[in-house]
Amino acid sequence: MSSLRNAVPRPAHKERSQPEARKRYGLLEKHKDYVIRAKAYHQKEDIKKKLKQKAAFKNPDEFYFKMINSKTVDGVHRPKEEINKYSAEELMIMKTQDIGYVFQKWQSEKNKIDKLTASLQCTEDQPSRRHVYFAEDREEARELELQAKSKSDISAIHIPKAIKKKMDRSYRDLEARKSRAKDLEKLYMDMSMQKELQKKGRKRKLREDEILNPNGKPVYKWKADRKR
């Protein structure tokens, strides 16, 4: 019976439009539009009521330190910048921890570079093992030389595409790690210099004519302090 009722065409009910005399007021507001507008209105009224109650029951003698340690910027409370929040000893300890972390990451990168270099059989900085062959004449010497070249020439050896792709990826990873290790080493040296400059003792920056091998980096000299 329900399927038959759905098969019978029914007229489409159209919403009532704004009368001609009220066209200047725009579209005719429906009930669902009124519900949304009424909820928003009552919500704002409740917020106003709560704020009025807070203002009425506020203690005029109330005080807390955020009143003097913060300021309002564009209607938002922001704390003042604490210049001397940490002492010199606390700053030194934090800097030491940062230097230790950078040094640890630098050593980790160096170890990974060594492992990757060993796996790729890179012998740039290692002495290569050489076999000495003794030839009877020049022809035999030339033949041995050609054999040695063919053995050492990696391009002559057939390498599968998948392995070659992995090797290329490993070489790119090796170059990236070398660059990262170099940046970490520079950062470690700079942080160590800043830490030394924070220590006590009279010091001065040397001029370029006073440096034996100038390399563009600042060089400092500490005054000799007599230990008691």
Side-chain angles (χ1 to χ4, degrees), residues 81-135 141-225:
E81 296 180 358
E82 298 177 352
I83 300 172
N84 299 323
K85 184 178 180 180
Y86 301 104
S87 62
E89 291 79 9
E90 291 174 340
L91 290 173
M92 185 70 70
I93 292 171
M94 287 190 289
K95 194 168 285 292
T96 304
Q97 292 174 350
D98 293 342
I99 292 173
Y101 175 74
V102 172
F103 181 76
Q104 180 186 0
K105 297 298 289 184
W106 176 34
Q107 293 296 324
S108 175
E109 286 294 331
K110 285 176 66 176
N111 293 335
K112 289 178 182 177
I113 288 170
D114 294 339
K115 288 181 182 179
L116 197 56
T117 305
S119 65
L120 291 172
Q121 298 179 356
C122 293
T123 56
E124 296 175 357
D125 301 330
Q126 300 176 359
S128 60
R129 295 180 180 179
R130 294 182 179 181
H131 296 277
V132 180
Y133 296 96
F134 296 95
R142 194 177 299 111
E143 213 173 293
L144 291 172
E145 187 179 357
L146 289 173
Q147 288 179 5
K149 282 184 179 179
S150 63
K151 286 181 181 178
S152 61
D153 191 5
I154 299 176
S155 61
I157 304 172
H158 177 69
I159 302 174
K161 288 185 178 180
I163 298 176
K164 194 173 182 182
K165 192 175 181 180
K166 288 182 179 179
M167 287 178 63
D168 294 340
R169 193 185 305 120
S170 299
Y171 275 112
R172 288 196 299 269
D173 188 21
L174 180 62
E175 293 299 324
R177 289 191 181 279
K178 284 182 178 179
S179 175
R180 196 179 304 125
K182 189 176 179 182
D183 295 339
L184 286 171
E185 182 182 4
K186 183 177 180 299
L187 180 62
Y188 173 73
M189 294 300 177
D190 293 342
M191 293 178 72
S192 300
M193 176 62 73
Q194 293 296 328
K195 180 187 173 184
E196 292 296 327
L197 291 175
Q198 284 184 351
K199 292 182 179 179
K200 295 180 181 179
R202 296 179 61 185
K203 51 192 170 293
R204 69 181 184 88
K205 186 177 178 182
L206 298 181
R207 300 188 302 272
E208 290 188 3
D209 55 348
E210 296 176 340
I211 304 173
L212 295 177
N213 298 319
N215 54 1
K217 295 181 179 179
V219 179
Y220 295 87
K221 183 178 180 181
W222 273 259
K223 185 180 179 181
D225 189 13

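All values below come from the heavy atoms of this structure, side chains included, with hydrogens, waters and symmetry mates left out.
Partners of Lys186 by salt bridge (charged side-chain N to carboxylate O under 4.0 Å, His left out), not counting sequence neighbours, listed by chain and number: Asp190. For Lys182, there are no side chain to side chain contact (heavy atoms under 4.5 Å, CB included) partners at least two apart in sequence or on another chain. Residues satisfying the side-chain hydrogen bond (donor to acceptor under 3.5 Å, both in side chains) test with Arg180, not counting sequence neighbours, are Glu109.
Here the shortest heavy-atom pairing between Leu206 and Lys221 reads CD2-CB, 3.9 Å. Thr117 approaches Ile113 most closely through the heavy-atom pair OG1-O, 2.6 Å.
Taking OG from Ser192 and CG from Leu187, the interatomic distance works out to 9.0 Å, rounded to the nearest 0.5 Å. From Asn111, atom CG reaches atom CG of Leu116 across 12.5 Å, with rounding to the nearest 0.5 Å. Summarising the geometry, atom CD belonging to Gln107 is positioned 9.5 Å from atom CD belonging to Glu185; distances are rounded to the nearest 0.5 Å. Of the inter-residue distances, the one linking Asp168 atom CG with Lys161 atom NZ reads 13.0 Å to the nearest 0.5 angstrom. Here the CZ atom belonging to Arg177 is positioned 10.5 Å from the OG atom belonging to Ser170, to the nearest 0.5 angstrom. Rounding to the nearest 0.5 angstrom, the gap separating the CE atom in Met191 from the CZ atom in Phe103 is 13.0 Å.
Using a 4.5 Å heavy-atom cutoff, the side chains of Tyr171 and Met167 are in contact.
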